[in-house]
Amino acid sequence: MVLAGVLVGPYGFNILERDASFELFGRVGLLYIMFLAGLEMDMQGLKNDSFKIGLFSIASFLMPFAMMYIAGIYLLGYSPLASVILSCVMAANTLISYPIITRYGLQKHKTTTISVGASMSSLLLALIVVTAVEGSALGGTGFVFWSLFVAKFLIFCIAIHYFLRFVTHWFLRSYSDSVMQYIFVLGMMFFSAAISEAIGIDGIFGAFYSGLVLNRFIPQVSPLMNRIEFIGNAIFIPYFLIGVGMLINVHLLFEPTPATASVGIMTTVFVIVVVGTVGKAIAAYGSCLAFRLPLQDGHLMFGLTSAHAAGGIAIVMIGMKLNIIDDNMLNGVVMMILFTCIISTIVTDNAARRIVLTGGLLKRQKDKDGDDEKILIPVKYSETCNTLINIAILMRNTELNRGLIALNVVYDGEEAEQDQLRGQELLENVVRKAAEADVRVQTQVRLAANIANGIKHAFKEYDCSEIIMGAHVHDNSRRPFWGEFAQSVFNGLSRQIIIVRCVQPLSTLRAIHVAVPSRAEYEPGFYRWTERLSRLAKNIGCRICFHGRMASLNLIDQYISHKHPSVRAEYISMPKWKELIPLMKSVKKDEMLVVVTARPGTVSHKAALNNLPEEMTEHYKGNNYIILFPDQFGPAPDVMTFATTQHTEQLSAYHEFILWCRRQKRRFS
């Protein structure tokens, strides 16, 4: 797109004029790139790799800065202040090639997190140095100046952090309209960028910082994130990239050297590109070697941090306003943008492709071999269908890229025809909701004399792996806790069933508390529900706390550490099931309780589980919960492949024991 901008711009075939629309939308595109980088960053990886990010930031700033400063004085003949300005241009970089990372799905890759964090840190350092140069030229530096600058910066970070968190939490709980949510997110990005510029720091830092704050509230697989990425990649970011290309005048390379310039434009461009790029390369590959990362990770670090764009021109314009540099340097920086963008995109694309081929495809094939996921969602009420679809989207395996199955069962009675029409409208709503997250949905309106039997028959026909269904709303205290048909469903099927009640948006949850019964690790569905809950916590971005006996918690810890190391998991001993009631009372309104229960007659079932409906009704009113019935022994159980050899032997022994008990029962009968 940068090359396309060169061709269609005023210095190419002059097809398009770089008017105010390109300046406006190009600026928005630059903010959008930085905002997406913050929004898609792996926050847990950011915390875990903060030391590496700090080291790479210093190296990525100091190496090109020092090399460019020396080259500016001794090779290009610039003054010390002009050399500092040019060094800041080369020390800072723009994430021009970040859309390539998005295309390959490497937003949360460890190297991407390190590179994006280092890019923002080096940009901030460059802006601070430019601010010092500007203040020095205007005679405004000193203790008071820097104290005020640091105070404004700290106040900005703290105020934006708490303000955006509070306002976003309130807004997402109050408004569910998709258009309003997108406009709100865009408004918060512009607000943060404007405040950042008001305190003397470029708006791209404010946009990036707002993305970090909102990262917690916008799951990566949510419809809102899908809209944010689509509009950015389709409109704003192309405007920015094409606008950058329109600034580049290739004819300057062939013009004679002005009498006032000490060196020609060709020499200036050559020195800036070579010295600046070599400085970034030394920082990237040196850090890669120090961190003991694979070579392709070093290529990715270099590709992401080597490009320069409109931010460099803005820094040079400050120098021109202060009469520190001349037009020759401006032309050199503009030409440098073209070459560094080409280098950055080629290196990033090749590195990303290699990383996907060497790691991603192997993982994807492993996931496909070890998961039979096919989720069935029975829907009856429009008020709950959005929650069920969101839960399914957050729990599904995106590597398998399988669709969902939505079912509406109606009584085969006098009003069956009208009920079918209403069910069809409800399922059309479900399809639209899932399409916003780019998820396919297969639908069916089914006639049945019994709702529970209709669900069970559809489950078997579609060969599903699990059911996600809504909890009964207790509008009548005389009606059973499970409602009319849920109990018949989970007693009639031995596969995983997830019963959900959520009274606030999932993205605003701060924690998930999971109550694990003793001997749950001996059930064949143990790793299936562990996988689903891990994906849910990972996509929401909240912590997940498991409460149970240490034997179960140790296996959960091993699984999550191996499969989902970025999940913020905590493990709290709960040796007695009677401690579930205090746990219920301690769960807050912006948290969710998950109770892993069991069907009667199974390994992990206990008499205390029979009291769960009464305990939930009495001690856990009006909050979010999931009641989960795992896969248990029955027709066609599917044990997930992660179990250790010892655990598999124990599982087999329990299975044989139960089969023996069943045979003895039939014999005595």
Side-chain angles (χ1 to χ4, degrees), residues 371-381 384-385 387-389 391-392 395-396 402-413 415-416 419-420 422-424 426-427 430 434 441-473 479-501 523-526 528-529 532 595-605 609-610 612-613 626-640 655 658-659 662:
D371 204 327
D372 64 339
E373 177 184 281
K374 193 181 290 184
I375 301 174
L376 175 67
I377 309 171
V379 293
K380 185 178 181 182
Y381 303 106
T384 59
C385 69
T387 298
L388 297 179
I389 288 295
I391 284 276
M395 285 186 173
R396 68 189 284 269
R402 291 178 185 159
L404 307 173
I405 301 169
L407 173 71
N408 179 258
V409 182
V410 300
Y411 283 112
D412 188 6
E415 299 182 356
D419 291 340
Q420 281 182 303
R422 284 193 288 267
Q424 195 63 45
L426 183 62
L427 292 178
V430 169
V441 178
Q442 187 175 354
T443 63
Q444 182 187 53
V445 178
R446 189 185 189 94
L447 282 173
N450 181 284
I451 298 292
N453 286 340
I455 295 174
K456 289 185 283 188
H457 292 160
F459 184 91
K460 294 174 182 177
E461 286 176 11
Y462 286 107
D463 191 25
C464 297
S465 63
E466 56 217 284
I467 294 177
I468 298 178
M469 59 193 299
H472 169 60
V473 179
R479 299 181 71 178
F481 175 82
W482 300 112
E484 298 176 355
F485 53 83
Q487 190 166 6
S488 176
V489 172
F490 63 71
N491 283 336
L493 292 173
S494 61
R495 304 303 297 269
Q496 180 166 282
I497 297 175
I498 300 172
I499 300 175
V500 180
R501 183 169 187 260
E523 300 287 1
F526 178 67
R528 186 186 296 278
W529 64 256
R532 302 300 184 263
V595 180
V596 180
T597 183
R599 299 167 179 85
T602 54
V603 175
S604 60
H605 184 266
L609 289 173
N610 297 330
L612 182 62
I626 289 177
I627 298 177
L628 194 150
F629 292 87
D631 283 345
Q632 290 171 311
F633 290 114
D638 179 39
V639 182
M640 294 190 70
H655 192 189
I658 288 177
L659 292 177
R662 289 177 179 173

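For clarity, every value in this text was computed on a predicted model and none was experimentally measured.
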- Give, for atom OG1 of Thr387 and atom CD1 of Ile377, the distance between the pair rounded to the nearest 0.5 Å. 11.5 Å

- Message: Among residues at least two apart in sequence or on other chains, which ones pass side-chain contact (heavy atoms from CB on, under 4.5 Å) with Ala598?
- Response: Thr602, Ser604, His605, Leu609, Gln632

- Task: State the CD1-CG distance between Ile499 and Leu388, to the nearest 0.5 angstrom.
- Result: 11.0 Å

- Item | Distance-minimising heavy-atom pair for Ser465 and Arg495 | O-CB, 3.7 Å

- Message: Taking ring-ring contact (aromatic ring centres under 6.0 Å, His included) as the definition, give me every residue that meets it alongside Phe629, ordered by chain and number, with sequence neighbours left out.
- Response: Trp482, Phe490

- Heavy-atom nearest pair, Val445 first then Gly423, reads CG2-C, 3.9 Å

- Message: Main chain of Pro630, side chain of Arg599: is a donor-acceptor contact present, judged purely on distance under 3.5 Å?
- Response: yes

- Note on the structure: Correct closest heavy-atom pair for Ala449 and Asp412 would be N-CB, 4.4 Å

- Query: Given the rule in the side chain to side chain contact (heavy atoms under 4.5 Å, CB included) test, do Glu466 and Arg532 qualify, once you have shown the distances and angles that lead to the verdict?
  - Reply: CA-CA 11 Å; Glu466 56 217 284; Arg532 302 300 184 263; 2.8 Å; yes

- Item | Spacing of Gln420 atom CD and Leu427 atom CG [to the nearest 0.5 Å] | 11.0 Å

- Within the distance-only criterion (no hydrogens, no angle test), does the side chain of Arg396 pair as donor or acceptor with the backbone N or O of Arg402 below 3.5 angstrom? yes

- What distance separates Trp529 CH2 from Glu523 CD, expressed to the nearest 0.5 Å? 10.5 Å

- Query: CD1 of Ile497 to CD1 of Ile468: how many Å apart, nearest 0.5 Å?
  - Reply: 11.5 Å

- Query: Do any N or O atoms from the side chain of Gln496 and from the backbone of Leu628 form a donor-acceptor pair under 3.5 angstrom?
  - Reply: no

- Item | Heavy-atom pair with the smallest gap, counting every atom of Ala392 and Leu404 | CB-CD1, 3.8 Å

- Query: Which atom names give the shortest non-hydrogen contact between Asn408 and Asp419, and what distance separates them?
  - Reply: OD1-O, 4.4 Å

- Message: Please identify which of these residues, Ile498, Leu493, Ile405, meets the side chain to side chain contact (heavy atoms under 4.5 Å, CB included) condition with Ile467.
- Response: Leu493

- Item | Heavy-atom closest pair, residues Val441 and Ala406 | CG1-CB, 3.8 Å

- Task: Would you check, one step at a time, whether the test side chain to side chain contact (heavy atoms under 4.5 Å, CB included) holds for Met469 with Lys380?
- Result: CA-CA 9 Å; Met469 59 193 299; Lys380 185 178 181 182; over 6 Å; no

- When you look at Val595 and Leu612, which way does the side chain to side chain contact (heavy atoms under 4.5 Å, CB included) test go after all the steps? CA-CA 9 Å; Val595 180; Leu612 182 62; 4.0 Å; yes

- Message: According to side chain to side chain donor-acceptor pair (under 3.5 Å), who are the partners of Gln442, at least two apart in sequence or on a separate chain?
- Response: none

- Rounded to the nearest 0.5 Å, the CD1 atom of Ile627 sits from the CZ atom of Arg501 at a distance of 10.5 Å

